[in-house]
Amino acid sequence: DALEILTPLRRKVALCDADIRGTYSKNMSGALVNLGRVSEALAFAAEAVDLASEFYGPQSQTTLVAMSLQGQLFLRVGRVHEAKETLGRVLATSTRVFGPDHELTRNTRDALRFRAARTG
């Protein structure tokens with residue numbers, strides 16, 4: 001499976017630039033989610049956010065997508081406050097940088113509305 005492929009690469013990836021390390025972290029997070037190991041995926045998601053921010057900047061679409069994924073993971077493990085805070089930052093930044101009609105802005109807004117409707 002994906003985890004068996006990605007895990008041995010960790011040491012080699014550590015020597016690469018932030019872009020490659022961030023992609024690796026995002027992929028590891030996704031592989032762990034697919035295996036039902038969401039709590040473990042959070043560490044890789046946080047690393048992906050940090051690396052994307054370092055490489056692309058805090059307002060880049062890559063960083064905001066990584067943050068959005070992290071926010072959704074927070075929701076999956078019941079960390080609702082952190083999820084709302086993270087997704088709220090994504091929404092505010094995406095709206096300011098890309099506009100209210102950008103796909104990332106719309107998707108984040110919809111995710112927050114959906115979650116608000118489910119959690120009250």
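Keep in mind it's a predicted model, so treat the numbers as computed, not measured.
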| request: Go through the side-chain N and O atoms of Gln59 and Thr63 and say whether any donor and acceptor fall under 3.5 Å apart. | output: no

| remark: Closest heavy-atom pair, Gln70 versus Val49, reported as atoms and distance to 0.1 Å, is OE1-CG2, 3.6 Å

| query | Do Val65 and Lys26 come close enough that some side-chain heavy atom pair is under 4.5 Å? | reply | no

| Do Arg79 and Leu42 pass the side-chain contact (heavy atoms from CB on, under 4.5 Å) test, and can you show the C-alpha distance, the side-chain angles, and the key distance before you say yes or no? | CA-CA 11 Å; Arg79 293 166 61 177; Leu42 274 169; 3.4 Å; yes

| task | Check the hydrophobic clustering (I, L, V, M, F, W, Y; side-chain heavy atoms under 4.5 Å; chains of links allowed) and say if Val33 and Val77 are grouped together. | result | yes

| Would you call Leu87 and Leu75 a side-chain contact if the rule is heavy atoms closer than 4.5 Å? | yes

| request: Please check if Val80 and Met67 belong to a single hydrophobic cluster, counting links between Ile, Leu, Val, Met, Phe, Trp and Tyr side chain heavy atoms closer than 4.5 Å. | output: no

| query | Between Thr105 and Leu91, is any pair of side-chain heavy atoms under 4.5 Å apart? | reply | yes

| query | ring pair (Phe, Tyr, Trp, His ring centres under 6.0 Å): which pairs involve residues 71-107, sequence neighbours left out? | reply | Phe98-His102

| said: Please say yes or no: joined through hydrophobic side-chain contacts below 4.5 Å, possibly via intermediate residues, are Val97 and Val90 part of one cluster? | reply: yes

| Are side-chain heavy atoms of Leu73 and Ser29 found at a separation under 4.5 Å? | yes

| remark: Distance col, row Leu112:CG vs Thr86:OG1, nearest 0.5 angstrom, shows 10.0 Å

